[in-house]
Amino acid sequence: MELSLQEMVKKPIHEIPARYIVDQEAAISRSSEEISSSAAAEIPLLDMESLLNEQTKASQLEKLHSTCTQWGIFQLVNHGVNTSLVEKLKHEIKEFYNLPLEERLRYKIRDGEVEGYGQTIIVSQDQKVDWADRFYMITNHIQRRKPHLFPDLPSSLRETLEAYISELQKLSKAIFAVMAESLKMDAREVEEMFEDGMQSLRMTYYPPCPEPEKVMGLTPHSDATGITVLLQVNGVQGFQIKKDGVWMPVNFMPDAFVVNVGDILEILSNGEFKSIEHRATVNSERERITMAMFFNCKYEAEVGPSPSLLTTQRPIFRRLKMEQYVKDFFARKLNGKSFLDYMKI
Ligand SMILES: O=C(O)CCC(=O)C(=O)O
Ligand SMILES: [Fe+2]
């Protein structure tokens with residue numbers, strides 16, 4: 001397989017290699033009639049300042065709760081993260097993909113590992129490969145950073161990422177807290193679970209494709225996370241969500257973060273919150289670059305329905321140590337929300 005799809009598309013492509021061509025079912029769901037006719041999904045908009053303000057809190061918590069139960073995704077404004085930091089980060093990520101291939105390949109995924117730079121990890125022979133190069137790495141705890149990945153990034157990218165990570169840690173903590181409040185969960189429970197939890201990020205480069213309808217940028221999946229904060233780096237759209245069985249494109253507002261509810265939160269809320277199934281499509285004109293930051297619980301924590309909710313409810317999900325949950329997740333191929341079914345009792 002190519003070391004980098006970004007490099008492959010620099011030469012004319014006469015025929016898309018078969019391993020990138022999605023199967024019939026996925027192709028049908030790419031066709032226009034299966035995609036919502038409304039131009040783009042208006043995903044709910046939440047305002048972090050109003051969520052924290054005593055005057056507006058009650059109504060905003062209600063909105064957050066209904067958003068997380070009915071959508072599992074929202075855009076967040078007034079999130080407190082400095083715009084110039086976000087702009088700097090976008091610039092640094094674009095610069096990373098302008099590096100010569102051999103520089104990027106220093107971070108190549110090593111055999112048997114899931115972290116690093118490269119294409120979809122193959123777990124079965126007939127598996128389809130997404131039209132993308134991705135770079136996944138664990139960022140927290142700091143001791144879990146692989147020495148040849150984060151610590152070895154070009155210094156301007158690394159420093160900017162470090163600043164962004166620290167801002168997003170504060171933000172994610174605040175988001176988890178208001179989510180717990182809206183669920184009427186014991187606040188200490190989420191705090192203990194997610195404080196200084198396992199965090200990782202994925203930068204993805206989707207090259208243009210001469211026949212974009214035939215391929216998938218990123219296979220449909222829900223994130224295995226607590227929450228994911230998604231950033232569109234070069235302003236190119238392509239993100240879609242599955243809402244009420246129909247795929248809908250999502251337009252990102254400039255300056256807003258897109259926040260996804262992940263599987264851990266669906267499990268923790270005992271099914272009240274819903275993780276959102278999503279995918280990425282590509283186009284024939286321009287590359288698309290994104291960065292997702294994943295916020296999870298601690299490795300030592302257990303993933304399972306919240307004890308404070310189980311006083312009145314029966315658990316619908318099993319409990320699993322986070323360490324095991326992560327192992328099981330990476331042992332399977334991405335496939336819609338199937339990992340959650342695996343966690344169901
Ligand atoms: O690139 C995107 O638009 C989506 C990325 C994503 O869903 C992921 O990395 O899990
Ligand atoms: Fe995702």
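If you read the sequence from its start, that first residue is 1, and numbering goes on from there. Order of appearance sets the numbers: ligands from 1, and atoms from 1 within every ligand.
Of all N, O or S atoms in Asp223, the one lying closest to the Fe ion (ligand 2) is OD1.
The protein non-hydrogen atom at the shortest distance from atom 10 (O) of ligand 1 is Arg202 NH2, 2.9 Å. Closest protein heavy atom to atom 2 (C) of ligand 1: Tyr206 OH, 3.3 Å.
Ion pairing between a basic and an acidic side chain is recognised when a charged N comes within 4.0 Å of a carboxylate O; Arg319 and Glu302 show such pairing. Ion pairing between Glu7 and Arg104 holds under the 4.0 Å rule for side-chain N and carboxylate O. Salt-bridge check for Glu167 with Lys88: failed, with every basic side-chain N at 4.0 Å or more from each acidic carboxylate O.
Atom-to-atom distance recorded for Asn140:CG and Leu201:CG is 11.5 Å, nearest 0.5 angstrom.
Counting the atoms of ligand 1 from 1 in the order shown, those under 4.0 Å from a heavy atom of Phe294 are 9 (O), 10 (O). Of all the atoms in ligand 1, the ones that sit under 4.0 Å from a non-hydrogen atom of Leu218 are 4 (C), 5 (C), 6 (C), 7 (O), 8 (C). Less than 4.0 angstrom separates some heavy atom of Thr290 from each of these atoms of ligand 1: 1 (O), 2 (C), 3 (O). Those atoms of ligand 1 with a heavy atom of Ala292 less than 4.0 angstrom away are 9 (O).
By the 4.0 Å heavy-atom criterion, Gln232 is excluded from the residues contacting ligand 1. Ligand 1 lies out of reach of Arg279, whose nearest heavy atom is not under 4.0 Å from it.
Classification of the Phe96-Tyr117 ring pair by plane angle, with boundaries at 30° and 60°, yields perpendicular.
No N or O atom of Thr204 sits closer than 3.5 Å to an N or O atom of ligand 1.
Contacts with ligand 1 closer than 4.0 Å are made by side-chain heavy atoms of His278 only, the backbone lying farther away. Under 4.0 Å from ligand 1, the heavy atoms of Asp223 that appear belong solely to its side chain.
Aromatic rings of Phe176 and Phe295 (six-membered ring for Trp) have centroids beyond the 6.0 Å cut-off, not under it.
Between the side chain of Asp186 and the backbone N or O of Ser308 there is no donor-acceptor pair closer than 3.5 Å.
Angle subtended at the Fe ion (ligand 2) by His221 NE2 and His278 NE2: 90°, rounded to 10 degrees.
For the pair Met291/Tyr164, a side-chain contact is recorded, criterion being any heavy-atom separation below 4.5 Å from C-beta on.
Between the side chains of Glu49 and Asn53, no donor-acceptor pair is found at a separation under 3.5 Å.
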